[in-house]
Colleague: 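Attaching a single structure in structure tokens format; questions to follow.
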Amino acid sequence: MEGTPVRIRGCPATVRQLVISMCCRPDTDRPGRPRSAGADPAGWASCRARYLRAPKTVTITRMTVLNPPRSGSPIGSCLDERVDQMTPVPNLGRRAFLAGTTGIAAASLIGCAGNEPTSTPDSGGAGGSIEQFTAAFQGNGASEGLDPGIHTAFIDEARMRALYDYLFELDDTLTPVPRLAESAEANETGDVWRVRLRDARWHDGTKLTSADVLYTISRVLGPVETKAFAAGAAMQIVDLPNCREVDDQTVELALKTPNFEFPTQLGVYGMRIIKNGTVDFTTKPVGTGPFVFESFTAGTEMSATAYADYWDGAPLVQRLTILSSDRDARVNAIQSGQVDYVDDLTAAGATQLEAVKGISVRRIPNCQIYSFIMKTFRSPFDDPVVREALFTAFDREELVRVALEGDGQVGNDLFGPGFRYYAGDIPQRVFDPDASRAALARAGRDELAFSLFTAPAASGFPEAAALVVDQAARGGIRIQLDQGAKDTYYSEVKERGDITMSRSGPMPLPNHFAMRLKADAPQNYGKWQDREFNDLYSKALATKDDDARTKVYHDMQRIMHERGNWIVYGTAPLRNAVSEKYRLAPAPTNTTGYARFDKVQLA
């Protein structure tokens, strides 16, 4: 078929992805590098970023590209490929799906096929039992786990939600609501909290007690077993020797300093309650959650069965399976009926599924917060003036338009837009290469060079990295990309690159400050330190009046905006999809309604 035009039919995402994959397929002898991008390790991502908005249908003869690249593009010479043959690809079986897709073109072509669903709900209306429900999330490879004190990726969160409970969780406004805690009361000074527990039982039938709460906190505050506990910094405020069991159902938590935000901090990542004495989270973890552990393989799947004695009502879903997969496989799987729910869709994937009968696509705004994080413990970002140069070196509007595929909002280098305590009155930062050059001159530099550690660990990461290389160059800044692997990216961010990338779900600003920005925060990977910021944080916690506390939090955000180390370039909605056979309320990530598969009902 050499030289014969071939028309490819399919959804926009299918066509875009196929064009990109054939345009810049990797060399077999140089893994991870584009065929004809020379020394440019970002060629593939650059290609994808430039052609992300390809038309809905294309005719390929000699890889005719309808939107040619700029002059001097590193991919300009790779556009003379012929499409010699198009071979139909069979629909994914379960084993192939679990193994992940083998190539972008193949994954795209199978996207229009379908099978009968694996879920077999009983008849009997919305209240009927559901034999099997299967959900697919972005995988995290071997780093996945079931330790609620450590594992915090979206897929980990879904598994933990099935097995464990918090004392408090957050509603859609990020305000704390009681879960295992029936109530919580502070003394007049805010340094002692008395928590009354619900009548809940562990999966082994024993009763939840105050001893379990104290054990959970002591573990978080104790010696690090494998890596830092996510809640370690937030719980440093607890004065553990002076905490006590009032009775089996009441625990008194003493604090080192006043904290009127304490219920919010009890809902921080890593604070799900574990049973007193638990040290093994791999063989048969025991929780108080709506599902009982059955099996788990990191990077593949977890299975669990309904817990009939769950304190919040037994699930209708009798068996829950949570699969680890890549983004293309998730889209294909729900179209073919192999799964019932998929999380973390790209904008293109969501658009593709909106055209499929029987699938409901939901968008929840401001749920994905995209950032670059500068490492301030070494040159060049130990200099706040250099950080100032980078603040104006990135075109946030283009990043949202291309890397986030136009489905998002421009960021202002502050975390949590749209949620409680966000300082929306701070002026919007804009792309200004001249201001970047002026800041470099004030820092005594003619130019700036550093490395950016990136990987396809989240939607849009490779595209954003490729874009900022071009954008920063206009301000005299040279960025070298350090390409990592998606499965190991988050375990390597501390060591690799002068600047890294982040995608976060929403969380209350006090928790974000405690976990990521205070000097002792466990996820302060940039090691940013600011004494005034830390002092204001303590002041906010000790402030009982909500309005006065809000003002302190706004002052802290002004410090971050002026001399911090986060470039929050945009937010995107959480996009997920569910089979229309079922009802499942949409909710922001990190809130009590997110991934609540115990609340699934028949439609």
Colleague: Check this for me: does any side-chain nitrogen of one of Glu185 and Arg194 sit under 4.0 Å from a carboxylate oxygen of the other?
Modeller: no

Colleague: Run the ring pair (Phe, Tyr, Trp, His ring centres under 6.0 Å) check on Phe597 and Tyr341 step by step: do they pass?
Modeller: CA-CA 10 Å; Phe597 300 123; Tyr341 170 94; 5.2 Å; yes

Colleague: Could you go through Tyr307 and His203, starting from their C-alpha distance and side-chain angles, then the distance that decides it, and tell me whether this counts as ring pair (Phe, Tyr, Trp, His ring centres under 6.0 Å)?
Modeller: CA-CA 7 Å; Tyr307 183 36; His203 296 155; 4.8 Å; yes

Colleague: Determine whether a donor-acceptor pair (N or O, by modelled atom type, separation under 3.5 Å) exists between the side chain of Arg272 and the backbone of Leu163.
Modeller: no

Colleague: Does Gln409, at its CD atom, have more than 12 non-hydrogen atoms belonging to other residues, nucleotides or ligands within less than 6.0 Å?
Modeller: no

Colleague: Return yes if some donor-acceptor pair links the side-chain N/O of Arg396 with the main-chain N/O of Phe394 below 3.5 Å, else return no.
Modeller: yes

Colleague: Taking the side chain from Asp530 and the backbone from Ile559, do they hold a donor-acceptor pair closer than 3.5 Å?
Modeller: no

Colleague: Under the 3.5 angstrom rule, does the side chain of Asp498 hit a backbone N or O of Ser451 as a donor-acceptor pair?
Modeller: yes

Colleague: What I want to find out is whether Lys599 reaches Asp312 closely enough, with some N-O distance under 4.0 Å, to be called a salt bridge.
Modeller: yes

Colleague: If you define the side chain from C-beta out and look only at heavy atoms, does anything of Leu208 sit under 4.5 Å from Trp202?
Modeller: yes

Colleague: Which residues pass the side chain to side chain donor-acceptor pair (under 3.5 Å) test with Asp547, sequence neighbours left out?
Modeller: none

Colleague: Name the residue from Asp343, Thr589, Asp172, Asn576 that meets the side-chain hydrogen bond (donor to acceptor under 3.5 Å, both in side chains) definition with Tyr594.
Modeller: Asp343

Colleague: Is any side-chain heavy atom of Leu509 less than 4.5 Å from a side-chain heavy atom of Met556?
Modeller: no

Colleague: For Phe450, check ring pair (Phe, Tyr, Trp, His ring centres under 6.0 Å) against everything at least two apart and list the hits.
Modeller: Phe381

Colleague: Tell me the closest heavy-atom pair linking Asp425 and Arg558, and the distance in Å.
Modeller: OD2-NH2, 2.8 Å

Colleague: Please list all pairs passing the salt bridge (Lys or Arg N to Asp or Glu O under 4.0 Å) test where one or both residues lie in residues 513-527, with sequence neighbours left out.
Modeller: Lys518-Asp520

Colleague: Can you check whether Gln523 reaches Ile373 side chain to side chain, under 4.5 Å on heavy atoms?
Modeller: no

Colleague: Output yes when Lys207 and Asp248 qualify as a salt bridge under the 4.0 Å nitrogen-oxygen rule, no when they do not.
Modeller: no

Colleague: Could you check if a side-chain atom of Val213 sits within less than 4.5 angstrom of a side-chain atom of Val195, using non-hydrogen atoms only?
Modeller: no

Colleague: Of all residues at least two apart in sequence or in a different chain, which pass the side-chain contact (heavy atoms from CB on, under 4.5 Å) check with Val400?
Modeller: Leu404, Val410

Colleague: Could you verify whether a donor N or O on one side chain and an acceptor N or O on the other, from Asp165 and Tyr310, lie under 3.5 Å apart?
Modeller: yes

Colleague: So with a 6.0 Å cut-off around NZ of Lys551, is the heavy-atom count from everything else above 12?
Modeller: no

Colleague: Whether Glu188 and Lys544 form a salt bridge (side-chain N of Lys/Arg under 4.0 Å from carboxylate O of Asp/Glu) is what I want to check.
Modeller: yes

Colleague: Ignoring hydrogens, what is the shortest heavy-atom contact between Thr206 and Lys275? Give both atom names and the distance.
Modeller: OG1-NZ, 2.9 Å

Colleague: Answer yes or no: is there a donor N or O on one side and an acceptor on the other, between the side chain of Asp382 and the main chain of Thr376, under 3.5 Å?
Modeller: no

Colleague: State plainly whether the residues Arg201 and Asp309 are in salt-bridge range, i.e. N to O under 4.0 Å.
Modeller: no

Colleague: Could you tell me whether Phe453 and Tyr489 have their ring centroids closer than 6.0 angstrom?
Modeller: yes

Colleague: Looking only at non-hydrogen atoms, find the nearest pair between Arg563 and Arg387 and report the distance.
Modeller: O-NH2, 2.8 Å

Colleague: What I want to check is whether the side chains of Thr282 and Asp280 have a donor and an acceptor closer together than 3.5 Å.
Modeller: yes

Colleague: Would Gln138 and Phe154 satisfy side chain to side chain contact (heavy atoms under 4.5 Å, CB included), going step by step from the backbone distance to the final call?
Modeller: CA-CA 8 Å; Gln138 176 63 46; Phe154 284 178; over 6 Å; no

Colleague: Report yes if some heavy atom in the side chain of Leu240 is under 4.5 Å from a heavy atom in the side chain of Ile217; otherwise report no.
Modeller: yes

Colleague: Which distance, rounded to the nearest 0.5 Å, do you find between the CZ of Arg362 and the CD1 of Ile364?
Modeller: 6.0 Å

Colleague: Without swapping roles, check the side chain of Thr250 against the backbone of Asp247 for a donor-acceptor pair under 3.5 Å.
Modeller: no

Colleague: Using the side chain to side chain contact (heavy atoms under 4.5 Å, CB included) rule, take Asn276 and Thr209 through it: C-alpha gap first, then chi angles, then the decisive distance, then the call.
Modeller: CA-CA 9 Å; Asn276 188 12; Thr209 68; 5.9 Å; no

Colleague: Hey, mind stepping through Phe513 and Phe415 against side chain to side chain contact (heavy atoms under 4.5 Å, CB included) and telling me if it holds?
Modeller: CA-CA 10 Å; Phe513 296 155; Phe415 187 87; over 6 Å; no

Colleague: Donor-acceptor check, side chain of Thr216 to backbone of Ile274, threshold 3.5 angstrom: yes or no?
Modeller: yes

Colleague: With side chains defined as the heavy atoms from C-beta onward, is the minimum distance between Leu174 and Thr591 less than 4.5 Å?
Modeller: yes

Colleague: Judged by atom type as modelled, is there a donor-acceptor pair below 3.5 Å linking the side chain of Arg596 to the main-chain atoms of Leu584?
Modeller: no

Colleague: List, one per line, each side-chain donor-acceptor pair under 3.5 Å for residues 565-572, sequence neighbours excluded.
Modeller:
| from | atom 1 | to | atom 2 | distance (Å) |
| --- | --- | --- | --- | --- |
| Asn565 | ND2 | Met374 | O | 2.9 |
| Thr571 | OG1 | Asn366 | OD1 | 3.0 |

Colleague: Strictly distance-based, threshold 3.5 Å: is any side-chain N or O of Ser218 a donor or acceptor partner for the main-chain N or O of Leu214?
Modeller: yes

Colleague: Please report, to 0.1 Å, the donor-acceptor pairs under 3.5 Å made by any side chain of residues 261-270, with sequence neighbours excluded.
Modeller:
| from | atom 1 | to | atom 2 | distance (Å) |
| --- | --- | --- | --- | --- |
| Glu261 | OE1 | Thr264 | OG1 | 3.3 |
| Glu261 | OE2 | Tyr421 | OH | 2.7 |
| Glu261 | OE2 | Tyr553 | OH | 3.2 |
| Gln265 | OE1 | Asn259 | ND2 | 2.2 |
| Gln265 | NE2 | Ala234 | O | 3.3 |
| Gln265 | NE2 | Tyr537 | OH | 3.3 |
| Tyr269 | OH | Asn590 | OD1 | 2.7 |

Colleague: How far apart are the closest heavy atoms of Ser325 and Ala136, and which atoms are they?
Modeller: OG-CB, 3.9 Å

Colleague: Do you see a donor-acceptor pair shorter than 3.5 Å between the side chains of Ser504 and Ser502?
Modeller: no

Colleague: Between Arg503 and Asp344, is there a side-chain N and carboxylate O pair less than 4.0 Å apart?
Modeller: yes

Colleague: Less than 4.0 angstrom from a charged side-chain N to a carboxylate O is my criterion; do Lys539 and Asp555 meet it?
Modeller: no

Colleague: Is any side-chain heavy atom of Glu144 closer than 4.5 Å to a side-chain heavy atom of Asp156?
Modeller: yes

Colleague: Quick check: closest heavy atoms across Leu197 and Ser210, and the distance to 0.1 Å?
Modeller: CD1-N, 3.7 Å

Colleague: Please check if the number of heavy atoms outside Arg531 that lie under 6.0 Å from its CZ is greater than 12.
Modeller: no

Colleague: Of all the heavy-atom pairs spanning Arg159 and Ser324, show the shortest one and how long it is.
Modeller: NH2-CB, 4.1 Å

Colleague: Kindly indicate, with the supporting measurements, whether the criterion side chain to side chain contact (heavy atoms under 4.5 Å, CB included) is fulfilled by Val600 and Asp340.
Modeller: CA-CA 11 Å; Val600 172; Asp340 307 301; over 6 Å; no

Colleague: Measure from the side-chain N and O atoms of Arg196 to the backbone N and O of Ser183, and report whether any donor-acceptor pair falls under 3.5 Å.
Modeller: no

Colleague: Is the shortest heavy-atom distance from the side chain of Thr257 to the side chain of Ser538 under 4.5 Å?
Modeller: no

